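Taking it in order: structure first as structure tokens, then the write-up.
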Amino acid sequence: MYVKICGLSEPAHVAAAVEAGADAIGFVMTRSPRRVEPERAAELAALVPGHVLTVGVFRGEDPPTVRAAALASGVRAVQLHGRHPHADFVALKDLGVTLVRAVDSGADLRCGAYDEDLLLVDAPHAGSGRPWDWAAVRGRPSGRWLLAGGLSPDNVAEAVAAAAPWGVDVSSGVETAPGVKDPALIAAFVKAVRDAS
């Protein structure tokens, strides 16, 4: 199962995610306690081996802003969080990066419907860290999609069983405080996913 660890801001935590076996690592370049500037994201992305996808996360920024940050940081994927219009994805297609559409369960849940490569289905209140009704989306998303929202090492196996996703994404569930990742929790999360899949 595909595993993305999001909201990383320290080299030690990037190393922990890579060592644990994460498939993708996210750098938040939008309003958030986990925000990093594109230059910092570039430093962190440089530490990530080629087989692990580096993802720049954006929410509400226009395509020119996203493009500039993606190019400055060198990430190999761009995640647009929230109800971005189809035109935003089309405008970024020529970047040649993996496009990720992150939405709540009320959106169109067909991966590729907006020309994205991956779909991420998040909690109704993204970033709250609270579990939600994962089973409610079972069978609805199509294609390559990641489940997010309130996941932790303790509940990810339950969430995977409930929703049957292609992959999972975690941020606050592997933190000791907002924006402060814990290498032990990162390792425990990846192990729990691997054991469950």
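Worth saying up front: this structure is predicted, and the values here are computed from it rather than measured.
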Do the side chains of [Y] and [X] get nearer than 4.5 Å, heavy atoms only?
X: Lys4; Y: Val168; result: no
X: Phe27; Y: Leu44; result: yes
X: Pro131; Y: Asn155; result: yes
X: Ile5; Y: Val3; result: yes
X: Pro183; Y: Glu19; result: no
X: Leu146; Y: Val121; result: no
X: Leu119; Y: Val103; result: yes
X: Leu120; Y: Asp169; result: yes

Indicate the atoms forming the closest heavy-atom contact of [X] with [Y], along with that distance.
X: Ala91; Y: Arg67; result: O-NH2, 2.7 Å
X: Trp132; Y: Ala148; result: NE1-O, 2.9 Å
X: His13; Y: Ile186; result: O-CD1, 4.0 Å
X: Ala159; Y: Leu151; result: CB-CD2, 3.4 Å
X: Met29; Y: Pro38; result: SD-CA, 3.7 Å
X: Ala70; Y: Ser73; result: O-OG, 3.2 Å

Q: Kindly indicate, with the supporting measurements, whether the criterion side chain to side chain contact (heavy atoms under 4.5 Å, CB included) is fulfilled by Ser172 and Arg34.
A: CA-CA 10 Å; Ser172 60; Arg34 299 162 188 87; 3.6 Å; yes
Q: Assign the ring pair Phe89 / Tyr114 to parallel, tilted or perpendicular, where the plane angle (0 to 90°) is split at 30° and 60°.
A: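 Ring orientation of Phe89 relative to Tyr114: perpendicular.
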Kindly say whether [Y] contributes a backbone atom to a donor-acceptor pair with the side chain of [X] at under 3.5 angstrom?
X: Arg194; Y: Phe189; answer: no
X: Glu158; Y: Val156; answer: no
X: Arg76; Y: Val52; answer: yes
X: Lys181; Y: Cys6; answer: yes

Q) Would Trp166 and Leu118 count as a side chain to side chain contact (heavy atoms under 4.5 Å, CB included) if you check the C-alpha gap in whole Å, the side-chain angles of each, and the deciding distance to 0.1 Å? A) CA-CA 10 Å; Trp166 174 80; Leu118 297 174; 3.7 Å; yes
Is the number of heavy atoms from other residues, nucleotides or ligands within 6.0 Å of [atom1] ([X]) greater than 12?
X: Lys93; atom1: NZ; answer: yes
X: Arg83; atom1: CZ; answer: yes
X: Arg110; atom1: CZ; answer: no

Q) Are Asp115 and Leu99 close enough, and set up right, to give a side chain to side chain contact (heavy atoms under 4.5 Å, CB included), and what steps lead you there? A) CA-CA 8 Å; Asp115 287 302; Leu99 295 178; 5.7 Å; no
Between [atom1] of [X] and [atom2] of [Y], what distance do you get to the nearest 0.5 Å?
X: Leu47; Y: Thr54; atom1: CG; atom2: OG1; result: 11.0 Å
X: Leu53; Y: Asp23; atom1: CG; atom2: CG; result: 9.0 Å
X: Ser105; Y: Asp133; atom1: OG; atom2: CG; result: 8.5 Å

Q) Do Asp122 and His81 have side-chain N/O donor and acceptor atoms under 3.5 Å apart? A)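 Asp122 vs His81: donor-acceptor pair found between side chains.
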Q. If you measure only the distance, is there a donor-acceptor pair under 3.5 Å linking the side chains of Arg40 and Ser9?
A.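 Per modelled atom types, Arg40 and Ser9 side chains form no pair under 3.5 Å.
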Q: Run through Gln79, His84, Glu116 and flag the one making a side-chain hydrogen bond (donor to acceptor under 3.5 Å, both in side chains) with Arg101.
A: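 Passing option: Glu116.
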Q: Using side-chain contact (heavy atoms from CB on, under 4.5 Å) as the criterion, point out the one residue from Leu92, Leu80, Thr65, Val100 that pairs with Phe58.
A: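 Single pass found, and it is Leu80.
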(Q) Apply side chain to side chain contact (heavy atoms under 4.5 Å, CB included) to residues Asp182 and Val174 and explain how you reach the verdict. (A) CA-CA 6 Å; Asp182 182 319; Val174 291; 5.9 Å; no
Q | Single-linkage hydrophobic cluster Val36~Leu71, side-chain heavy atoms < 4.5 angstrom | A |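 The answer is yes; both residues are in one hydrophobic cluster.
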